[in-house]
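What follows is a set of notes on a single structure, which appears directly below.
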Amino acid sequence: MEYRCEVDLEELCPVCGDKVSGYHYGLLTCESCKGFFKRTVQNNKKYICAENQDCKIDKTHRKRCPSCRFQKCLIVGMRLEAVRADRMRGGRNKFGPMYKRDRALKQQKRALMRANGFKTEAAASLVSSNQTDSAFTGSFPGLYPVPIIQTTLRQYTSSNPAIKSEHTDIHMSSQASVLGDHAYSEELQEETFSPQVPRMPQLVMEFLRCDPDELQMQRNIAAHLQREQSSWEKQGKPTAFSFMCRMADQMLFSIVEWARRCIFFKELKVSDQMKLLHNCWSELLVLDILFRQVQHGKRSSVLLVTGQEVELSAVASYADPTLAHLVQRGQELLEKLHGLQVDRQEVVCIKFLILFNPDVKPLESQPFVESVQEQVQGALLEYTLCTYPQYLDRFGHLLLCLSELRSLSTLAEDYLCCKHLSGEVPCNNLLIEMLHAKLACM
DNA sequence: TTAGCCTTGAGA
DNA sequence: TCTCAAGGCTAA
């Protein structure tokens, strides 16, 4: 088949990396994976992997394990329902508008990259820059036989019948169907928004739905800290730093709570969930703190998650040089976020970009995480182009802010580690467990 | 069984 | 009429 679209020709098949020949069953794939997917579904084939269901699938190995190849087809988003039960030839199906939209988005992306002199692409690579140097590789021995985070994640997984360790029915519960339905369904969109309102990608709407209610979180954390206060006072008056650590600990619990209820994340096995959270907890924490300040809007004070305001001058009075430097870097990044007037939709997308870091390795669902990362980038780009069409480089600026956020959170982790080693961080909490993830890599 | 090429036909 | 994503065919 001949293809005129320059964008398509440069794409590689997400299943095996071969050249794509067009849109097949939901996405751009090569001719062989198209045929393989069609044969498998039409003939209702069942494959069994002779290895550990993690066989490498590329152009040279794709014939070795049809089981893993088919799993990969599903994970990257090939749609079972696009294979016709009646085997009717020719014509078009309901995916037509989806392909059209995808093409338009790719062309917009390409135009944007050209306009920015490929700045966007460079920034995009920063999003997936290697973060494994701070990744956690195992639980901290001695202190927590079962890490707090693992217990927290397991509690939810075991109580949620929707979460399965295996895809018992590929037609009903595949990760692919979750991906596809949320990435492309437009019914809700059309019902919710009038034609005058800029289009909001379905994924962004879904992310907003997952986002916790700020007021509720404020009440919960404030109530928890209040309850704990009496026990702290028995051990002597807590320092301001100790109070901040306990507050950060509660924020971390909220972050884990948010993650485990999130679309995509709840599809992962607990081991993968832990690895992803261990990698990004500090980034999510710093983003949460900074975006609260964006909404707060006052330069002279810091708004805490409990609703309390702390004057920056008061922070400066007890800050050591390292903390003062951290605060200054935070202020600089905050100024950039203020300048962009970053909105909640963009922040929820950034949270997903942080959480689904494909550079965290090894993951059992690596292709799935990569696919989510790409989809979130696409949704954020589409949102910025539709909502702020006058700022074509907004997407790139957001990614640069994310890169700075990562650098800042690494500094914050280092600072906390030093404080912990000098015995100034309260023990027996989630924050300590996350900190040990950092120490385990040093 | 695979994968490249061919045929078909609804929608733009 | 053209496009292009379905299914079909067939040599390897």
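Because the structure is a prediction, the values reported are computed rather than measured. Within every chain, numbering begins at 1; the chains are lettered A, B, ... in the order of the sequence lines, protein sequences first and strands thereafter.
- Annotation: A/Tyr47 is in aromatic contact with A/Phe36 [ring centroid separation under 6.0 Å].
- Remark: P of C/dA5 and CG of A/Leu27 are 12 Å apart, rounded to the nearest angstrom.
- In this structure, the side-chain contact (heavy atoms from CB on, under 4.5 Å) partners of A/Thr306, at least two apart in sequence or on a different chain, are A/Ile221, A/Ala222, A/Leu225, A/Met247, A/Leu304, A/Gln308.
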Between the protein and nucleotides 9-12 of chain C, list every N/O to N/O distance that falls short of 3.5 Å.
none

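- A straight line from CG of A/Asp18 to P of B/dG4 spans 6 Å, rounded to a whole angstrom.
- Proximity of A/Tyr99 to the phosphate of C/dA6: a side-chain N or O atom is located under 4.0 Å from OP1 or OP2.
- Atom-to-atom, NE2 of A/His24 to P of C/dG7 comes out at 11 Å; the value is rounded to the nearest Å.
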Distances under 3.5 Å between protein N/O atoms and the N/O atoms of nucleotides 9-12 of chain B, please, pair by pair.
| residue | atom | partner | partner atom | Å |
| --- | --- | --- | --- | --- |
| B/dG9 | O4' | A/Gly91 | N | 3.4 |
| B/dG9 | N3 | A/Gly91 | N | 3.0 |

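- Shown here are the side-chain contact (heavy atoms from CB on, under 4.5 Å) partners of A/Lys63, two or more places apart in sequence or in another chain: there are none.
- Residue-level contact check: A/Arg39 touches the bases, meaning some heavy atom is under 4.0 Å from a base atom.
- Whole-Å rounding puts the A/Arg64 CZ to B/dT2 P distance at 14 Å.
- We find that CD of A/Glu31 is positioned 14 Å from P of B/dT2, with the value rounded to whole Å.
- To the nearest angstrom, C1' of B/dT2 lies 17 Å from NE2 of A/His61.
- As a whole-Å value, the separation of A/Asn43 CG from B/dT2 C1' is 13 Å.
- Checked against a 6.0 Å centroid threshold, the rings of A/Phe207 and A/Trp258 do not count as neighbours.
- Between the NZ atom of A/Lys34 and the C1' atom of C/dC4 there is a distance of 10 Å, given to the nearest Å.
- Taking 4.0 angstrom as the limit, A/Gln42 places none of its side-chain polar atoms (N or O) nearer than this to OP1 or OP2 of C/dA6.
- Using a cut-off of 4.0 Å between Lys/Arg side-chain N and Asp/Glu carboxylate O, A/Lys336 and A/Glu332 are scored as not salt-bridged.
- Partners of A/Ser301 by side chain to side chain donor-acceptor pair (under 3.5 Å), not counting sequence neighbours, listed by chain and number: A/His296, A/Glu309.
- Looking only at side-chain heavy atoms (C-beta outward), A/Glu51 and A/Cys65 stay at 4.5 Å or farther from each other.
- The aromatic rings of A/Tyr391 and A/Tyr388 are tilted relative to each other, their planes meeting at an angle between 30° and 60°.
- With C/dA5, C/dA6, C/dG8 as the choices, the nucleotide that has an atom nearest any side-chain atom of A/Tyr25 turns out to be C/dA6.
- Partners of A/Gln295 under the side-chain contact (heavy atoms from CB on, under 4.5 Å) rule, at least two apart in sequence or in another chain, are A/Phe291.
- Under 4.0 angstrom from either OP1 or OP2 of B/dA3 there lies at least one side-chain N or O belonging to A/Arg69.
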